[in-house]
Number of protein chains: 2
Amino acid sequence: MVTLAEVAQHAGVSASTVSYVLSGKRSISTTTRQRVEQSIRELGYHPNAGARALASSRSNIIALMIPLRTDMYVPVMMEIAIAVATTARTHGYDVLLLTGEEGPDAVRRVTGSGLADAMILMDVELDDERLPLLRDSQQPSVLIGLPAETAGLTCVDLDFKATGALCVEHLATLGHRDIAVIGEAPAVYERHTGFAERTLDGLRLRSQELGIRLLHRPCEGGYDAMAVTLARILDERPGTTGFVVQNESAVEPLLALLRQQGRAVPEDVSVLAICPDQVATQASVRLTSVSIPAQEMGRHAVEQLVAKLDGRGSDEVVLIAPELTVRASTGPASS
Amino acid sequence: MVTLAEVAQHAGVSASTVSYVLSGKRSISTTTRQRVEQSIRELGYHPNAGARALASSRSNIIALMIPLRTDMYVPVMMEIAIAVATTARTHGYDVLLLTGEEGPDAVRRVTGSGLADAMILMDVELDDERLPLLRDSQQPSVLIGLPAETAGLTCVDLDFKATGALCVEHLATLGHRDIAVIGEAPAVYERHTGFAERTLDGLRLRSQELGIRLLHRPCEGGYDAMAVTLARILDERPGTTGFVVQNESAVEPLLALLRQQGRAVPEDVSVLAICPDQVATQASVRLTSVSIPAQEMGRHAVEQLVAKLDGRGSDEVVLIAPELTVRASTGPASS
DNA sequence: ATAGGTTATCGAAGCGCTTCGACAGTTTTT
DNA sequence: AAAAACTGTCGAAGCGCTTCGATAACCTAT
């Protein structure tokens, strides 16, 4: 294993000079720099991460806490994680993967041991028990998701309330007066996941303003659950012509069931999904959708964090504006 | 920040004693141990990760390299990643998330810097350019997936060849003589991803042995691509009564198309999927399937790695035996 | 010319931990 | 009763790096 000292010796300079070449924290003459860089290359030198962390009290690692659960759309999580990892790398950071399993203890462990310089938390609940710890710790952190109380925290999320409103507006503009919302699984609402509730708020508020009748039903997803849910909706509101689907695993079942019942999409009923673009374009009908900007969220979170670590940046809530893409699943109301 | 020295002072012992209490590498009297543990608790001490890594040249971190691509079934990746992370924790390791983006450089960086003690590689290609590096480095590693040449490497994977064979056997037993295979996207075969080719080997070999006619068609997945693929298959082999689907995003489209054409599952045609159980049970027909044991693979990989790190264990290839679960999508051949 | 300011480099201290050898005290073996 | 072997603890060295003065060499302005 090659050390800094060996590089220094090989280049005929002192260890500190090599260190300054590496960090750029002091000016170095061009000739010395080149000689050192040459030695580094020849010897195949890689700075030792542990030593560096010890001496500088910076690990250059960002911890990413992902949920254990798989009852919500996993590809979104994955996409965020990948975006976080790649963006972090462009800023010289690596990413430590923590699962929600350890809960608040993980926050303590990572903060206390200096394993990571900062944290990103996904799948934050409205009243998350990890939040007090974050507020107290000196460690910068960013949440992906929005808790009930955001004071002293930095958050990045899609503006789900605006998303809900946007969905209603789109369908209202097309003349739909009766809209049904296929929501996430009941468990998601029970544990007060912010995004689900905020979407609902937006949907309700805007439909009230526009005089739209709105029906919301949680749904486990999958074919059987969707069949039951749909039957109940059509029973209670036979005049329903517009559907907003927030549970991605209910999308395809819904389309299949509608087809089966002889209801054409978009001629008889319109279906609007809140989902990643990939799902919208791969479905059996090309879906009009509000996309979930997973990549953008991951990237944003890292950039906020890096700004904080550099002493720039401050606590703020970044809500990404929703974008609706019209495809082939929505059209004018039929009746 | 609390240090070892402060704990030592608080407990009235030397620093090395505290260290030995923590590591258990030398015997400590019960009274001393308890006093030290008490101090640790009272002061809220957490060992500094960097210092520990430097002094012991062990970071207690396992690097996990996941593919950047999203053309293959992402939930499986995610499930493996989560299994790796949680299993690693039970052995005292954390997980560093690397994306394939950096390629072989990531291997050099992590190996060289001592950032991680060991590596797990996912989505290994048959002739992966990271493999020579792994063979040379002293760092223990485990592959999830099977490259062309496994000498000097430890691999964990589902036995996809046996999986292919098992699929054919199941359909053959039910009397099917003409089987079509809906494969992964063409790109997956082009980059010689081992599992896709090995599945095909198994399918071909066993159908030859059993005198089954087999047709294999790659498929991008999604509704439109599946429609084209299905039309071509039924055109070339109108007598096809059994389908084996390896591309999860083609499953639901296939079922919808068959339904649309008035072919009942399983009465007229049988559909057998190679996919995670979750997909099989959530589909519009409960699918007979060979499950992809993502969790088991992740767990296994970590355990192999930990064994190596402890000086136990050796290079070996672990192929997990496939398990076929009969559900409602396969039945006796109709003709 | 000389004081003051830069620029480029070095030496040394120290980050918080592990680990090795030493040693006193106790137990076992012969 | 002496020799050999443990046990439990300590002190000190050192892991590989960063960073803080210090210092010498070189520029400017007066």
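Order of the sequence lines sets the chain letters (A, B, ...), proteins ahead of strands, with each chain counted from 1. Please read these numbers as outputs of a predicted model, since none were measured by experiment.
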Report task. Take A:Arg41 and A:Gln38 through the side chain to side chain donor-acceptor pair (under 3.5 Å) test and state the conclusion after the steps. Result -> CA-CA 5 Å; A:Arg41 247 173 288 122; A:Gln38 175 70 14; 3.2 Å; yes

Report task. Please report the C-alpha distance between B:Arg33 and B:Tyr20 in whole Å, then the side-chain angles of each, then the deciding distance to 0.1 Å, and finally whether the side chain to side chain donor-acceptor pair (under 3.5 Å) criterion is met. Result -> CA-CA 9 Å; B:Arg33 167 183 289 102; B:Tyr20 287 124; over 6 Å; no

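A heavy atom lying under 4.0 Å from DNA chain C marks the following residues of residues 18-27 of chain B, by number: B:Ser19, B:Tyr20, B:Lys25, B:Arg26. For the segment residues 28-43 of chain B, residues with any heavy atom less than 4.0 angstrom from an atom of DNA chain D are, sorted by number, B:Ile28, B:Ser29, B:Thr32. A heavy atom closer than 4.0 Å to some atom of DNA chain C occurs in B:Pro47, B:Asn48, B:Ala51, B:Arg52, these being the qualifying members of residues 46-53 of chain B.
Here the shortest heavy-atom pairing between A:Ser39 and A:His10 reads OG-ND1, 2.8 Å.
The side chain to side chain donor-acceptor pair (under 3.5 Å) pairs that include a residue from residues 101-120 of chain B are A:Arg89-B:Glu102, A:Asp94-B:Arg109, B:Ser59-B:Asp117, B:Glu102-B:Arg109, B:Asp105-B:Arg108, where partners are two or more places apart or lie in different chains.
Listed by chain and number, the residues in a side chain to side chain donor-acceptor pair (under 3.5 Å) with B:Ser16 are B:Ser14 (sequence neighbours excluded). Scanning for side chain to side chain contact (heavy atoms under 4.5 Å, CB included) contacts around A:Asp136 gives an empty result, with sequence neighbours left out. When the side chain to side chain donor-acceptor pair (under 3.5 Å) test is applied to B:Thr87, no partner is found at least two apart in sequence or on another chain. With sequence neighbours left out, B:Glu303 forms a salt bridge (Lys or Arg N to Asp or Glu O under 4.0 Å) with B:Arg299.
For the atom pair B:Ile66 CD1 and B:Ile120 CD1, the distance stands at 12.5 Å (nearest 0.5 Å). Once rounded to the nearest 0.5 Å, the distance linking CG of B:Asp157 with CZ of B:Arg198 reads 4.5 Å.
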N/O donor-acceptor pairs under 3.5 Å from side chains in residues 313-320 of chain B, not counting sequence neighbours:
residue	atom	partner	partner atom	Å
B:Asp315	OD1	B:Thr154	OG1	3.0
B:Asp315	OD1	B:Lys308	NZ	3.1

Would you mind writing out the side-chain donor-acceptor pairs for residues 138-151 of chain A within the sub-3.5 Å range, not counting sequence neighbours?
residue	atom	partner	partner atom	Å
A:Gln139	NE2	A:Ala116	O	3.4
A:Glu149	OE2	A:Ala151	N	3.1

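Within a 6.0 Å sphere centred on CD of A:Glu6, heavy atoms belonging to other residues, nucleotides or ligands number more than 12. The environment of CD in A:Glu37 is crowded: more than 12 heavy-atom neighbours from other residues, nucleotides or ligands sit within 6.0 Å.
Counting only heavy atoms from C-beta outward, the side chains of B:Val107 and B:Met65 approach each other to under 4.5 Å.
Interface remark: the B:Ser14 side chain does not form any donor-acceptor pair with the D:dG11 base, using a distance-only criterion of under 3.5 Å.
On the nucleic acid side, DNA chain C has its first and last nucleotide under 4.0 Å of a heavy atom of chain A at C:dT7 to C:dG16, going 5' to 3'.
Computed from C1' positions of five pairs at each end, the angle between the two local axes of the helix from C:dG5-D:dC26 to C:dT30-D:dA1 equals 40°, rounded to 10 degrees.
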